[in-house]
Amino acid sequence: MSFPLLTATAVLPAIGAIATAAVPATKRTAAKWLALLVSIATLALAVVILVRFDPGGDRYQLTESHAWIADFGVRYELGVDGIGVALIALTALLIPFIILAGWHDADPVETGSKRWRPTQGFFALILVVEAMVILSFEATDVFLFYIFFEAMLIPLYFLIGGFGDRAHEHGEKAAATQRSYAAVKFLLYNLAGGLVMLAAVIGLYVVAGNFSLTEIAEARANGSLEMSTSTERWLFLGFFLAFAVKAPMWPLHTWLPNAMQESTAPVAVLITAVVDKVGTFAMLRFCLQLFPEASKWATPVIMVLAVISIIYGALLAVGQRDIKRLIAYASISHFGFIIMGIFAMTSQGQSGATLYMVNHGISTAALLLVAGFLISRRGSRLIADYGGVQKVAPVLAGTFLIGGLATLSLPGLAPFVSEFLVLVGTFTRYPVIGVIATFGIVLAALYTLVLYQRTMTGPLRPELAKMPDLRVREIAVAAPLIVLLVFLGVYPKPVTDIVNPAVKQTMSDVQQKDPQPEVEAAK
């Protein structure tokens, strides 16, 4: 039997989490290094998956299938297509930077209540989330996917509620209350979506008799599995609602700004750059593949909701006083672009949406982690508490600017290519939606440049006069992400070569072809 590479890629961080949690309390540095080495080893396995994956081969590769709960048709089935491979690589790439950026975020602190922050638990929980996210990208059994889709909420709940941001203008007691509120709101929103999805998963089993994604999709394609129109639509809505909460899409987004604001910067990156991608990925893998007709039926409404997310998120980002809330609303706007690209039902739109998932993860990580370094120096998330930072910390200001320019999709940086593809793919089928969405780019330039202007330029505030520039560890976090943004901005082919065959197969699932351009005949 061949080596179970997909299982190993998920099991390694899970075992690493157990080992990290077991490190004695006095050996905090050892726990940090163990977690970092495990994340790097997981990245190495993800690179092996990339190398072994053949974009021109079978749809699902490196497959594993074992009986699990045979009486109910549940199997341990794993497999990856090009989209899954790209997102596994993104996850494995970002986790080492998240750990390195959060190196001191869980150190013990002396406060009025002498609150203890268990370092080992913080890094162990990050590795647990990594394992569950990777398994979500690999699972081809619907029930197996659902388990990890929901289980990842538990470690995230503790990361938000137990290891929140220390920068709070109203003191430790108010900070603890806000963290608890954000953690509970995050959990309730996502659990509610998951419960609706569970009902749909059970309904799918009643109709299909098993949970295998590949078997159900094949039966749908060859006509051996009949599903009434109303049944398909209800099942689609059950799946889509859960994914829209996770994504997050307006109006199911309200948990994200609170969660990101109260989390440490690395945990905020874990949420929006890694975990939230499971929602948009699942729309491609499950909604479109299992319920093609219902997906087309719901597309007009989803496109309207997506464009509302784009404009709404951007408008609210413009008016934010808190740096992390601004980035949170910007992410809601960006996820609107991703969902719009998926449901535009064009190859350009879906390729752009998949590329956007990767590029958004890198750009958000770069901007948010550098913002976290800035906040840790000043002890405040409020934009008004900054000014003139570039005079004393030019490297910090420069990396912050590049991350911000990537967020507004500046040509030459990675998000530009994906956003352009999404808009082109949308405009060919929904020109009005495409035109309205373009205003999101204008608003992105506004909130990004105003943020940079208010924090980095102008007169230097006296209390910032001794602010240190980025340290070696922080440069080691920011520099590789900046390099990736530039590289993928000028040469996105390595990613598009992997995802395009999977996009073509998804287009075939929904029986859609790209609209032909209308060329006026020469007179």
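When reading the values below, keep in mind they use all heavy atoms of this one structure, side chains included, and skip hydrogens, waters and symmetry mates.
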Could you go through residues 190-204 and list every donor-acceptor pair under 3.5 Å that involves a side-chain atom there, pairing it with any protein atom two or more places apart or in another chain?
residue : atom : partner : partner atom : Å
N190    : ND2  : F186    : O            : 2.8

Inset, instruction - Could you list the residues that satisfy ring-ring contact (aromatic ring centres under 6.0 Å, His included) with F427, not counting sequence neighbours? - result: none
Legend entry - Y312, OH atom: more than 12 neighbouring heavy atoms under 6.0 Å: yes
Inset, instruction - For F343 and F240, run ring-ring contact (aromatic ring centres under 6.0 Å, His included): C-alpha distance rounded to whole Å, both residues' side-chain angles, the deciding distance at 0.1 Å, then the answer. - result: CA-CA 12 Å; F343 284 90; F240 181 80; 5.7 Å; yes
Legend entry - For Y430 against A344, the heavy-atom pair lying closest together: CE1-O, 4.0 Å
Inset, instruction - Indicate yes or no: does D141 engage R75 in a salt bridge with an N to O separation below 4.0 Å. - result: no
Inset, instruction - Compare all side-chain heavy atoms of P415 with those of H334 and state whether any distance is below 4.5 angstrom. - result: no
Inset, instruction - State, with a plain yes or no, whether a side-chain heavy atom of M357 is found less than 4.5 Å away from one of S418. - result: no
Legend entry - Flag side-chain contact, heavy atom, 4.5 Å: T140 against T63: no
Inset, instruction - Would you please test L213 and E77 for side chain to side chain contact (heavy atoms under 4.5 Å, CB included) and show each step? - result: CA-CA 9 Å; L213 170 67; E77 285 190 348; over 6 Å; no
Inset, instruction - Could you tell me whether the side chain of V274 reaches within less than 4.5 Å of the side chain of V129, counting heavy atoms only? - result: no
Inset, instruction - Kindly compute the distance separating OG (S347) from CE (M507), expressed to the nearest 0.5 Å. - result: 5.5 Å
Inset, instruction - Look at the side chain of D81 and the backbone N and O of R59, then say whether any donor-acceptor pair between them is shorter than 3.5 Å. - result: no
Legend entry - Residue from L125, T119, I126 passing side-chain contact (heavy atoms from CB on, under 4.5 Å) with F163: L125
Legend entry - Non-hydrogen side-chain atoms of L144 and L78 separated by less than 4.5 Å: yes
Legend entry - Under 3.5 Å donor-acceptor, T7 side chain and P4 backbone: no
Legend entry - Listed partners of H360 passing side-chain hydrogen bond (donor to acceptor under 3.5 Å, both in side chains), at least two apart: K277, S331, T364
Legend entry - Side chain to side chain, T407 and Y447, heavy atoms closer than 4.5 Å: yes
Legend entry - Centroid-centroid under 6.0 Å between Y60 and F53 rings: no
Inset, instruction - Report yes if the side chains of I332 and P248 come closer than 4.5 Å at any heavy-atom pair, otherwise no. - result: yes
Inset, instruction - For the pair R285 (side chain) and F137 (backbone), establish whether a donor and an acceptor sit closer than 3.5 Å, ignoring hydrogens and angles. - result: yes
Inset, instruction - Begin with the C-alpha distance, continue with both residues' side-chain angles, and end with the deciding distance and a verdict on side chain to side chain contact (heavy atoms under 4.5 Å, CB included) for S263 and L159. - result: CA-CA 7 Å; S263 301; L159 284 170; over 6 Å; no
Legend entry - Min side-chain heavy-atom separation L5-L45 under 4.5 Å: yes
Legend entry - Aromatic plane relationship, F286 with F243 - under 30° parallel, 30 to 60° tilted, over 60° perpendicular: tilted
